[in-house]
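Take a look at the structure below.
In what follows, every chain begins at residue 1, and chains take the letters A, B, ... in the order their sequences are listed. Owing to the predicted nature of the structure, the values given are computational and were not obtained by experimental measurement.
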Amino acid sequence: MAEPYDYRSVERKWQQRWDEQRIFAAREDAAKQKYYALEMLPYPSGDLHIGHAKNYTLGDAIARMMRMLGYNVIHPMGWDAFGLPAENAAIAHGADPSDWTRANIANMQRQVRLMGTGYDWSREITTCDPEYYRWNQWLFLRLYEHGLAYKREAPVNWCPHDRTVLANEQVIDGRCWRCENLVERRNLSQWFLKITEYAERLLDDLEILEGWPERTRTMQRNWIGRSEGAQFTFAVENSEETISVFTTRLDTLFGVTYLAVAPEHPAVAKIVTKKARTAVEQFTQSLQSKSELERTSLMEKEGVFTGAYAVNPLSHERVPIWVTNYVLAEYGTGAVMGVPAHDQRDFEFARKHALPIAQVVAPPGADLGAPLHEAYLEDGRLVASGDFTGMSSPRAREAIADRLVALGAGARQVNFRIRDWLVSRQRYWGTPIPIVYCERCGEVPVPDDQLPVLLPANVPVTGEGSPLANDPAFSNTTCPKCDGPAKRESDTMDTFFESSWYYLRYLDPHNASAPWDQEIARYWMPIDQYIGGAEHAVLHLLYSRFFYKFFHDRGWVTGSNEPFTRLFHQGMVLYNGEKMSKSRGNVIGIDEVVEKRGVDAMRLFLLYVTPPEDTSDWTDEGINGRVRFVNRVWRACEPFLDHAKSANVRALPPASSEEEKTLLRAVHVAAKSAVDETLSRRFHYNTTVAKLDEYVNALMALEQAAPDSPAVAYAVHALPLIMAPFAPHLADELWERMGHKTSVHLESYLEPDMRALAVDTVTLVVQVNGKIRARLQVPPGTSEDDAFALGLEQPAVQAQLDEKRIQRRIFIADKLLNIVTG
RNA sequence: GGGGAAGUGGCGGAACGGUAGACGCAGCCGCCUCAAAAGCGGCCGGGCAAACCCCGUGAGGGUUCAAAUCCCUCCUUCCCUACCA
């Protein structure tokens, strides 16, 4: 009786050995082509879930494949360790955020190791380590020096009870998620990064990111939101004030019947008439308690007349100025021209408040006069538009822009939807922003040699107010310039700051004098394959691109100014058709799967269920199928290990029977599939695993028929080599048992051999008028004439041809012959 | 409202203009066994007694010698985004 396969001890053994022998340690080697494989930095929430497992299994299969294909592979892992959940745990359980985070990292690191993923652990980084975040501070200061980090007032979500700023996701139905008080919008002084300065480049360079999913590029395009138009100015009657508006539809300028401004617009207070003041203030007050979400998507279009009038710079018409809830203070100029006839939002507003609707663009071929039921949004021909009447919309936009420029009333302008990145958080568990406020010198950056500004330990975290501001030991300091008394900035950084450059720190993780060495970065960057979920399509992936362009401008990185050459989004893993969630109790735990089924079976299952980009369903039956496969491989190999030692895997043995040919072909079909899926970057290893099934089926069949065949020895010997990237533990075990002293993962991959892939006969389909009438077994390379002659002999073909005249023949070598009749 | 992706057996999927359903799961039959499990072998889209015949890739149309695959319209599902002027 053969020895049964003990996946538990085998998997443990190889994980230990890979660790001890550091077989995945990466070193720069100018002689070899580098390959940087990276999975997105995980947040240490406490437990690894199957979604992580799918992500890391795919990344690991790719990294191992590329290594075996001769590339110098770097494949690191680390922890995105700062963030709110640690602080929330502190508030809820009185835990120390640091202890809580460290414990989670320890557990998740254990689980990642359990998966047997081949990371270079010597490069592991943890973003809450002072050795890491000091470089966060250093980079912040460089951004500051270049005017890309600045502080200004901005409206934020403020909870008056807890006296803290809330993130958008912590505002539920306009209320604080903790105390359920209404959240206010307050203007507070906040740190921003000037990503808008890079908007144009971030947009344009999307074009060269051909290795990115199109939908992700589209999302970034939409997020950046470039729009071309013009900005121009309305004078305000009886006032020095003017109101500027941005529009992409200058052709509708003569259709303006009112001006709509955001309540926060600075001109409002100055232009509002005595009579209207109370109403306007009440309206503004009522909006203050509403979050942006509420103000925009949930509310009807409301507004109050300011009593003031503006003058249209071209038509000289006077139009009322309204304060409205549907104009955003943060976009454009915070004011828009109201054109009810040609903008749906303006249309709804005008209807509600009985404002006139003036049609100035006529649909092609249509006559005006009929009242509109909705705004007409398309281009057309201008009517009732002064000198511009009769022009097409595009021409009118140009002509009106020219006129405004000539009058000095406006200019062509490009506007971006993207706003500067708000990076300050009034929170404890993050990187302290390295700025000091001196009574005499004002805002002073902390000098580099005083970094890091350490996050103090043992600070009470209550969720009320800013913990750092409340800590005098942290807050009180001396000014680096004048040594006078000063206060430290008490805000910490958004955690997306850390994750915008971590991939560079991996390259040189212990460097004490710089965030990374430029020569080392020159060798490894950019990242050849980045793998992670689509949920970061905009945030993380956009911020990182921004940082990398900044680094490139400084000369700190060279070559491409994009960090991620190719990007792959793996799909989610569902269970019972639903997202796994603790509250539903339908979570599949890594520990349990590894214990009960083994890592290799889990990896094979995750690769096999669906193509990697698709959503997959975890099923107990499905994983059982892969457990069976692992055991089949063992039974197919273990009794033949001695026999297999006689085979040279690098030399194709001769095949003397059909069965042997079939087996040798199955071996090389599997190898070819693995290589092709990797190099094409399609990564559909589900098809590769299917080929491994066929391989093992063919192997077992020949073992029954001809156990002594050299083809059996060869196929047994080659199996671990081919399987190594997908079932790495089983592969190394078999490899060792065949007498090898070094890991199979350091071998070069089996090169697909054309001789093995060749076949003796092919099935040639004979069609008549596109319908299959016969199948011929012919040698490959059979000529069209021979095939035609053979085809005509087929009774089924004859029956169809009968009296008919043959008009043409289509012949695809080794595939098909189509006879077309008249 | 806008944008994107996808619809193939009972299920996951394969087929990147040329044999639709590889491979696996589930199911059924058989072998092995005292028995069960495991394992091994076979069957497994629909119609038909059966077939080498006919039908069949969400629906309808088109391009082509040939369409699951390319194009148009519609339906359905999922994801993202949302008053951006």
With sequence neighbours excluded, tell me which residues meet side-chain hydrogen bond (donor to acceptor under 3.5 Å, both in side chains) with [X].
X	answer
D786(A)	S783(A)
H536(A)	none
E398(A)	R412(A)

Is the shortest side-chain N/O distance from [X] to OP1 or OP2 of [N] below 4.0 Å?
X	N	result
R417(A)	rU81(B)	no
S227(A)	rA85(B)	yes
Y331(A)	rA85(B)	yes

Under 4.0 angstrom, heavy atoms only, what part of the nucleic acid is [X] near: base, sugar-phosphate, or nothing?
X	result
I772(A)	sugar-phosphate
Q704(A)	nothing
K771(A)	sugar-phosphate
G225(A)	nothing

Worksheet entry | First encountered from the 5' end of RNA chain B, between N697(A) and V820(A) |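 Comparing both residues, the 5'-ward one is N697(A).
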Worksheet item: Can you check rG9(B) for me, syn or anti if syn means within 90° of 0?
Response: syn
Nucleotide [N], atom [atom2] - distance to [atom1] of [X] in whole Å:
X	N	atom1	atom2	value
F811(A)	rA66(B)	CZ	C1'	15 Å
R632(A)	rG39(B)	CZ	C1'	10 Å
W618(A)	rC25(B)	CH2	P	15 Å
F605(A)	rG13(B)	CZ	C1'	12 Å

Worksheet item: Can you find an N or O donor on one side and an acceptor on the other, under 3.5 Å apart, linking the side chain of K301(A) with the base of rC83(B)?
Response: yes
Set out, line by line, the N/O atom pairs under 3.5 Å between protein and nucleotides 2-9 of chain B.
none

Salt bridge or not for [X] and [Y], using N-O below 4.0 Å?
X	Y	result
E694(A)	R665(A)	no
E210(A)	R217(A)	no
D420(A)	K194(A)	no

Pairing donors with acceptors under 3.5 angstrom, does anything connect the side chains of [X] and [Y]?
X	Y	answer
N697(A)	R632(A)	yes
Q777(A)	T763(A)	yes
N415(A)	S227(A)	no

Under 3.5 Å, N/O pairs linking protein and nucleotides 26-28 of chain B:
from: rA26(B); atom 1: OP2; to: R628(A); atom 2: NH2; distance (Å): 3.1

Item to complete: Take the angle between the ring planes of W322(A) and H353(A) and call it parallel below 30°, perpendicular above 60°, tilted in between.
Response: tilted
Worksheet item: For T687(A), what residues pass the side-chain contact (heavy atoms from CB on, under 4.5 Å) criterion, not counting sequence neighbours?
Response: S673(A), E677(A), H684(A)
Let me have the donor-acceptor pairs involving side chains of residues 810-819 of chain A, under 3.5 Å, with sequence neighbours excluded, atom names and distances please.
from: D814(A); atom 1: OD1; to: G781(A); atom 2: N; distance (Å): 2.7
from: N818(A); atom 1: OD1; to: N769(A); atom 2: N; distance (Å): 3.4
from: N818(A); atom 1: OD1; to: G770(A); atom 2: N; distance (Å): 3.0

Worksheet item: Of all the base pairs, Watson-Crick or G-U under 3.5 Å, which form stems of three or more consecutive pairs involving RNA chain B?
Response: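 Stem segments, range with range: B:1-7 with B:75-81, B:10-12 with B:23-25, B:27-31 with B:39-43, B:45-47 with B:53-55, B:58-62 with B:70-74.
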Between N or O atoms, less than 3.5 Å apart, protein on one side and nucleotides 29-32 of chain B on the other: list the pairs.
none

Worksheet item: Which residues satisfy the ring pair (Phe, Tyr, Trp, His ring centres under 6.0 Å) test with W223(A), sequence neighbours excluded?
Response: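 Listed in chain order: nothing, the list is empty.
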Worksheet item: Who pairs with F234(A) by ring pair (Phe, Tyr, Trp, His ring centres under 6.0 Å), at least two apart in sequence or on another chain?
Response: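 Testing F234(A) for ring pair (Phe, Tyr, Trp, His ring centres under 6.0 Å), a comparison that skips the adjacent residues, returns F232(A).
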Worksheet item: Passes side chain to side chain contact (heavy atoms under 4.5 Å, CB included), K301(A) versus K352(A)? Steps please.
Response: CA-CA 8 Å; K301(A) 289 176 180 51; K352(A) 189 154 183 195; 5.6 Å; no
Worksheet entry | Rounded C1' spacing from rA66(B) to rA20(B) in Å | 14 Å
Enumerate the protein-to-nucleotides 46-52 of chain B contacts in which both atoms are nitrogen or oxygen and the separation is below 3.5 Å.
none

Worksheet item: Can you tell me if H342(A) uses its side chain to pair, donor with acceptor, with the backbone of L377(A) under 3.5 Å?
Response: no
